[in-house]
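Since the structure comes first, as structure tokens, the remarks are kept for the end.
Order of the sequence lines sets the chain letters (A, B, ...), proteins ahead of strands, with each chain counted from 1. What you are looking at is a predicted structure, and each value in this text was computed from that prediction instead of being measured.
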2 protein chains.
Amino acid sequence: MVTNNNETMQQNIFYTFSKTIEFFSISPAEAQLFAMLYLKEYPMTLDEMGQALGKSKTAIGTSIRTLSELNLVRRVWKKGIRKDLYETHHDLYSKFMKTYINNWISHTNNQKALLSDVYEQMNRTNLSEEETQLLNKLTSIIEFHQSIIDTFTTIDPKKN
Amino acid sequence: MVTNNNETMQQNIFYTFSKTIEFFSISPAEAQLFAMLYLKEYPMTLDEMGQALGKSKTAIGTSIRTLSELNLVRRVWKKGIRKDLYETHHDLYSKFMKTYINNWISHTNNQKALLSDVYEQMNRTNLSEEETQLLNKLTSIIEFHQSIIDTFTTIDPKKN
DNA sequence: TTATACGTACAGTTTAAACTGTACGTACTT
DNA sequence: AAGTACGTACAGTTTAAACTGTACGTATAA
């Protein structure tokens, strides 16, 4: 980090921040869009975002739709502007971590339910050795799922 | 879930389990390899794994190398067998969650350090309004990183 | 009413990851 | 020593995700 130039520092912040966002299972394009939008002080149009990132309006449309569905950005109305405007939510931790943990918990609960269904079907008397072993494996896998759920349930994403 | 057939149930367990493994930022191919290997009761060769998953030995070689680097599987020696044999580690929660959380913490620490470097370079007197705003944004982003680290540090992955 | 702006659907293209098949070097067996 | 087995390097192929450019329907402005 040898440069003092504002533009380069902003680029470094943007890039570093976007890499962290990627860790929340967000695609590089979406992460960069969010990071760039967060660093701007004003809501942007699809054209502006496309120009800032060097991408087509279609690609921006797709990415902003995903970010919007993830509740990370919101539409903004501004008088006299007919283009769609978007800005980011500002409570980073709450937005990212809450969604991320909820995804983990709901997915893992779904998987655990499926596995428990299989367990109920298999769990009877007169099992072969092979079936008993499979049932034991299944028990371990279900416990694994429960441990994941327990872990993420203990995190308090309301903290910010 | 309407079928009682053993093979189908094993397939359901395999598939459901592999989908959960993918959530740990492990690729579908690697997740499926791990899930299949975990459900087997014996160490397997590259050929056997390739045949079981319907993939080439090269693809298996690549995937097993990654799983090995992640410390999720280990090489096994068996007298009289010259082929490489691999089996999974059995402590699922510890292996997956520990690695996963360590990745989060180390990555986020690295990013935070980079951002703090930028902060030290920017933090001086006589800042323009633009620079002040960028510095404020940077402060929020650094706090975001710290919150992530705090969150994952509180998780105890030794539980199983 | 006509022309223009806008976002998005759509078809096609590009890119990167994942894959296959071949060939090679090394180890093992005969 | 020669032949075979084995894992992996390598080049090429396939696949799915991400992208572009065009066209369309709707809304807005003139």
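Annotation: salt bridge (Lys or Arg N to Asp or Glu O under 4.0 Å) contacts of A:E41 (sequence neighbours excluded): B:K137. In this structure, the salt bridge (Lys or Arg N to Asp or Glu O under 4.0 Å) partners of B:R74, at least two apart in sequence or on a different chain, are B:E87. The salt bridge (Lys or Arg N to Asp or Glu O under 4.0 Å) check on A:R75 picks up A:D84, with sequence neighbours excluded.
B:K112 pairs with exactly one of B:E143, B:H145, B:Q146 by the side-chain hydrogen bond (donor to acceptor under 3.5 Å, both in side chains) rule, that one being B:Q146.
Of the residues in residues 38-61 of chain B, those lying under 4.0 Å from DNA chain D by heavy-atom distance are B:L46, B:K57, B:T58.
Taking hydrophobic clusters as Ile, Leu, Val, Met, Phe, Trp and Tyr residues chained together by side-chain heavy-atom distances below 4.5 Å, A:F96 shares a cluster with A:I101.
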Which atom pairs link the protein and nucleotides 28-30 of chain D when you take only N or O atoms and keep those under 3.5 Å?
from, atom 1, to, atom 2, distance (Å)
D:dT28, O4', A:R82, NH2, 3.3

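At a threshold of 4.0 angstrom between heavy atoms, the contacts of B:S27 are confined to the sugar-phosphate backbone, with no base atom among them.
Nearer the 5' end of DNA chain D, as judged by each residue's closest nucleotide, is the contact made by B:L85, out of B:L85 and A:S63.
The minimum heavy-atom distance between B:A31 and B:S18, with the atom names listed, is CB-O, 3.4 Å.
Between B:F24 and A:F144, the ring planes are parallel. Angles under 30° get that label, and only those over 60° would be called perpendicular.
Taking a heavy-atom distance under 4.0 Å as the criterion, the stretch of DNA chain C touched by chain A extends 5' to 3' from C:dA5 to C:dC10.
The pair A:R124-A:E131 counts as a salt bridge, with a side-chain nitrogen and a carboxylate oxygen less than 4.0 angstrom apart.
In the displayed structure, A:E129 atom CD is contacted under 6.0 Å by at most 12 heavy atoms of other residues, nucleotides or ligands. A 6.0 Å sphere centred on CD of A:Q133 holds more than 12 heavy atoms belonging to other residues, nucleotides or ligands.
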